[in-house]
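This is a predicted model, so every value here is computed, not measured.
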Amino acid sequence: EAVQAVRKWCGLSGRMIKAILVFNNHGKPRLSRFYQHFSEDMQQQIIRETFQLVSRRDENVCNFLEGGSLIGGSDYKLIYRHYATLYFLFCVDSSESELGILDLIQVFVETLDKCFENVCELDLIFHMDKVHCILQEVVMGGMVLETNMNEIVSQVEAQTKLEKAEVRRCHCASILCECVGVQYSLYCKSSG
């Protein structure tokens, strides 16, 4: 609450992160999370424009640049890291610290690495629900929630355990229903 009060007093909206995008070297989006409303068509245009801006940059230049024309120009910054075949990009308010966001990207990638044991592009494709779960532990509503990798991993593991317990409970309940249904149909046949 204190942080929100300071941000409000300073004239900041509270949502410093406007979008998080992950795309491969060919521009195919592997994760996109917008914390500001854009139509689906506009989101696709933003992803294309952002990929073009970032992919054309030399590997030796800094990892942040002014936002594209579709996502706010000089009012926003695009901060990214390129790992192997993936670009991890955060679009943030111009008042946000570039180095802080680079560290946040590093935490996100290292957490993915820890959860998937050497994360790759296929993990993002086939385990999208877990990737979103991890992202929601780090950022929600455009606000940074957690930067401690061990805490993030712990929360994701707890969520996974709950999901597995729910699946087992549902499986047991369906078996019980089948058994009761068989017994009920046998009872009906024998009494009829």
Within the 4.5 Å heavy-atom criterion, are [X] and [Y] side-chain neighbours or not?
| X | Y | value |
| --- | --- | --- |
| Thr111 | Val153 | yes |
| Asp93 | Ile17 | no |
| Leu124 | Leu86 | yes |
| Leu78 | Leu53 | yes |
| Tyr35 | Ile20 | yes |
| Pro29 | Val22 | no |
| Phe90 | Leu104 | yes |
| Ser55 | Tyr87 | yes |

field: Verdict with reasoning, Lys28 to Phe23, per side-chain contact (heavy atoms from CB on, under 4.5 Å)
entry: CA-CA 5 Å; Lys28 297 243 189 244; Phe23 37 77; 5.9 Å; no
Cluster overlap [X] with [Y], hydrophobic side-chain contacts below 4.5 Å:
| X | Y | result |
| --- | --- | --- |
| Val109 | Met149 | no |
| Leu112 | Phe126 | no |
| Phe108 | Leu122 | no |
| Leu162 | Val156 | no |

message: Restricting to non-hydrogen atoms, name the atom on Phe34 and the atom on Ala19 that form the minimum distance, rounded to 0.1 Å.
response: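 Looks like CD2-CB, 3.7 Å.
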- prompt: Ser32 and Ile47: which non-hydrogen atoms are nearest, and at how many Å?
  reply: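 That closest heavy-atom pairing would be CB-CD1, 4.0 Å.
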Is it true that [Y] and [X] share a donor-acceptor pair across their side chains at a distance under 3.5 Å?
| X | Y | value |
| --- | --- | --- |
| Gln159 | Gln155 | no |
| Gln106 | Tyr83 | yes |
| Asp41 | Ser39 | no |

Return the [atom1] to [atom2] distance between [X] and [Y], rounded to the nearest 0.5 Å.
| X | Y | atom1 | atom2 | result |
| --- | --- | --- | --- | --- |
| Ser97 | Asp103 | OG | CG | 8.0 Å |
| Arg56 | Phe51 | CZ | CZ | 9.0 Å |
| Tyr80 | Leu21 | OH | CG | 14.0 Å |
| Lys164 | Lys161 | NZ | NZ | 9.5 Å |
| Met42 | His37 | CE | NE2 | 10.0 Å |

field: Criterion side-chain contact (heavy atoms from CB on, under 4.5 Å) on Ile105 and Leu89, from CA distance to verdict
entry: CA-CA 8 Å; Ile105 293 171; Leu89 182 135; over 6 Å; no
query: Is any side-chain N of the basic residue among Glu121 and Arg30 closer than 4.0 Å to the acidic one's carboxylate O?
result: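 A salt bridge is present here (some side-chain N lies under 4.0 Å from a carboxylate O).
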Verify, without hydrogens or angle tests, whether [X] (side chain) and [Y] (backbone) share a donor-acceptor contact under 3.5 angstrom.
| X | Y | answer |
| --- | --- | --- |
| Arg57 | Asn63 | no |
| Lys77 | Val92 | no |
| Gln43 | Phe38 | yes |
| Asn24 | Gly27 | yes |
| Asn148 | Glu151 | yes |
| Thr50 | Ile46 | yes |

Going by atom type alone, with no hydrogens or angles, which donor-acceptor pairs under 3.5 Å involve a side-chain atom of residues 127-145 and a protein atom two or more places apart or on another chain?
from: His132; atom 1: ND1; to: Arg33; atom 2: NH2; distance (Å): 2.9

